[in-house]
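Keep in mind that the numbers below use all heavy atoms, side chains included, and drop hydrogens, waters and symmetry copies. Source: prediction; values computed, not measured. Sequence lines set the chain letters: A, B, ... in the order given, protein chains first and strands last, and positions in each chain run from 1.
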Amino acid sequence: MSRTAVDALEILNFLHHEAHLLDAGKFNAWLELLTDDIRYRVPVRVTREREHGPGIIDHMSHYEEDRYSLEMRIKRLETEAAWAEDPPSRTRHFVTNVRVEPIDDRHVRVYSNLLLFRSRGDSPNFDLLSAERVDVLRRTDGGWKLAAREVVLDVSTVPTHNLAILF
Amino acid sequence: MKLEVANEFTVVHVQKVKTRNGERLEIYSPRLGYRIQLDPLELESLTWQTTETFSRFLETPFGPGAVEARSLSDLL
Amino acid sequence: MTIYAQSRSGGEGTHLLEEARRQLAVGELPGAIYHDPEIFELEMEKIFARAWVYLAHESEIPNAGDYVVRYIGRDSFILIRDENGNVRAHFNMCRHRGMQVCRSEMGNASHFRCPYHGWTYRNDGTLVGVPAGKEAYGDRLNKEAWGLIPIPRLDQYNGMIFGSLDPKAPSLDEWLGDMKWYLDLFTRRSAAGLEVIGAPHRWMIDADWKLGADNFVGDAYHTLMTHRSMVELGLAPRDPQFAMYGEHVHIPGKGHGLGMIGAPPNIPLPPFWGYPEEIVRSLKENYPSEAHVRVAEKLNFVHGTVFPNLSILNVMIGRDHVHPPTPMLTFRLWHPIAPGKMEVWSWFLVEKDAPEWFKEQSRLTYLRTFGTSGVFEQDDAEMWRGITRAAGGEMARRNRMNYQMGMDHLAPDPNWPGPGVAYPLDYAEANQRNFYARWLEMLEA
């Protein structure tokens, strides 16, 4: 296989593995897939006319995280008082429509569609969040790592009661 | 340089156009198909207009489009 | 409309509101008030169609033509600054066939053109044009009579814009009453005023709107349990009972209330919420009284609710477990959608003239702690959902909930320099009892 084909396969595996770790609650293992300078952002969107594009708000986000704040969120889940996710939500990350775009020797940009299923408690109701993710992956000695992620939600008003879950 | 100015009600394209001996500002409405080329003096005169002027312009919200109203039976 | 607790609940048929009034006198309320379709309808009619409800901060519409679409109850309004600089709110429904005139959440327009038939309004609400006016109306449509309907009442306090659907509502000034003294603490730290950064967070919670209002009006007590993870990680002071050390203040008869919390014993915290020196200097110059400065000097965590559904939080907390805490200010609206369902609107605000580095740190602190993904906020949502689910059944009508904290053993603080009734401990529920007394009074009016 060509180098590009190998990369593409590795990247697909990376996305699937990462989704598995999040759904399985293996958050510390997920943290190990991030670079130290990770930038993780989920911008607020508003409804705007077509000419003004996707309605992404530059200065307000649902998430705007660095390594410290993502670690804090994971450490919080390890306390005995993380009520929002204990008992945990049952989540499933469905990752599709993956496109890879080279940036330089060490980096690729990866676009993917995400459908995130969330169920809590014994209620049969569930929440669905749909989004496009734009990731930057970095090739390191320890394999591919996530260096940046922007998640563009397909909603303006968020239909779930909090974002205690990761994209 | 072509500029697009838009809000949720419409969109217009604005650009400077060169004439043989001078220049004008063209405003084009892609939705209605109207186009106007204004010279500096016309543009300047816009600067002292009030909103009422434009409200009068908008008495016909989709442009003049004056049609001679004829009944269908007339056409038969 | 009358509301009956059904006799199938075990007792004889009792009026749920009468029951609530009887219980509130002894510091109790029936659990069903948080999830009852008839109570909800009555709240729409008697509270949200009459109250002054928060719409926006003036900094969200700074320029001529800037607008945002906002709601009171089920009604949508275009809140706009017209070409003369006046702030107006038009009912967002065309006078011809009722289409929503604005469908974007925000924008800028000198005129609105309805997408259904093209009736066109100037941004002050005047109808200026109708397509084919000559053919369709013989040029005889009296445009002056067919402008967009203005909101019955619109007013602002220190840049906070409120509206009311009731033409006979008391003035906003009277509605806020002594709460204005406390609003000054947040809104008058600088002569430049506050600005909203970006757009509000908006999200849905399967929970009753009153639970948000109740939590912020006086519930310092939940911090030790609900937010224990934050105490453990050091985003809040490392004393689970830190929120007890404060003044519990309410405005009698109005429903408003706040908790004003300072440093817990043996945990030194900076004065003035830890605001940077530029803001501390400016608040000393701009506060309306010396008492404001004296009170603010001791403050680190303030929570409050303006009746019915606007809450304010001004606290110094951590943006992660590593960096020192930063002060931040948020306004949030518990917007009722349906029985047991609300939409939260949450804004981040900061002094316009604050240093840029501070604005950025404060913004990050807000969005990581009290935004949609906020590590404090998310645990509250879990509680309010659980309460609302439990409140929807038969037994909740019989569950007399306890609002008695501080009722018999806590005396008002005679030395408090601000207006209203103050208790020297924020572990109290006098604010909640005052909130529900106002709620009952409006429902029964």
Side-chain angles (χ1 to χ4, degrees), chain B residues 1-17 24-76, chain C residues 61 63-69 76 78 80-86 88 92 94 96 99-144 146-148:
Chain B
M1 185 182 58
K2 197 158 105 178
L3 287 173
E4 183 177 273
V5 182
N7 65 12
E8 71 171 295
F9 303 104
T10 197
V11 54
V12 290
H13 297 164
V14 182
Q15 64 177 327
K16 198 154 106 170
V17 291
R24 288 199 171 200
L25 188 76
E26 179 180 89
I27 307 173
Y28 171 61
S29 160
R31 295 195 183 166
L32 299 180
Y34 292 107
R35 189 186 299 271
I36 193 171
Q37 294 182 346
L38 300 171
D39 80 342
L41 207 53
E42 286 174 317
L43 285 166
E44 188 181 51
S45 76
L46 291 179
T47 63
W48 61 76
Q49 300 305 320
T50 62
T51 309
E52 282 72 18
T53 309
F54 297 98
S55 294
R56 268 203 309 283
F57 293 172
L58 283 163
E59 279 173 10
T60 54
F62 293 108
V67 279
E68 188 70 24
R70 289 174 67 192
S71 70
L72 185 57
S73 57
D74 258 8
L75 301 171
L76 294 174
Chain C
I61 47 169
N63 305 115
D66 284 344
Y67 66 90
V68 290
V69 173
S76 162
I78 308 161
I80 189 159
R81 192 175 294 272
D82 73 17
E83 298 304 299
N84 297 318
N86 301 311
R88 295 173 183 269
N92 190 9
C94 182
H96 174 237
M99 175 59 188
Q100 284 185 310
V101 175
C102 284
R103 294 170 300 144
S104 292
E105 288 173 61
M106 59 197 292
N108 184 292
S110 69
H111 293 76
F112 313 115
R113 186 170 64 188
C114 176
Y116 199 4
H117 303 89
W119 280 33
T120 298
Y121 305 88
R122 193 190 300 151
N123 64 10
D124 65 3
T126 315
L127 178 67
V128 299
V130 299
K134 183 157 158 278
E135 294 80 3
Y137 297 97
D139 272 338
R140 287 160 73 165
L141 184 70
N142 177 9
K143 290 189 193 134
E144 280 172 24
W146 294 100
L148 290 174

Task: Choice from C:Pro131, C:Gly133, C:Gly118 maximising heavy atom contacts with chain B below 4.5 Å - done: C:Pro131
Open item on the list: Is C:Cys114 close to chain B through its backbone or its side chain, or both, or neither, when contacts mean heavy atoms under 4.5 Å?
Closed with: neither
Open item on the list: Checking the side chain of B:Glu8 only, and the main-chain atoms of C:Arg103 only, is there a donor and an acceptor separated by less than 3.5 Å?
Closed with: yes
TODO: Determine the option with the most heavy-atom pairs under 4.5 angstrom with chain B, choosing from C:Lys143, C:Arg122, C:Glu83.
DONE: C:Arg122
Open item on the list: Main chain of C:Ile78, side chain of C:Asn92: is a donor-acceptor contact present, judged purely on distance under 3.5 Å?
Closed with: no
Task: Heavy-atom pair count under 4.5 Å with chain C, highest-scoring of B:Thr50, B:Thr60, B:Asn7, B:Thr51 - done: B:Thr51
- [ ] Evaluate the ring planes of B:Phe9 and C:Tyr67, with Trp represented by its six-membered ring, and classify them as parallel (under 30°), tilted (30 to 60°) or perpendicular (over 60°).
- [x] tilted
TODO: Using atom types as modelled and distance alone, determine if a side-chain donor or acceptor of B:Glu42 lies under 3.5 Å from a backbone N or O of B:Asp39.
DONE: yes
Open item on the list: What part of B:Phe57 gets within 4.5 angstrom of chain C, counting heavy atoms only: side chain, backbone, both, or neither?
Closed with: neither
Open item on the list: Over 60° means perpendicular and under 30° means parallel, so tell me whether B:Tyr28 and B:His13 are parallel, tilted or perpendicular.
Closed with: tilted
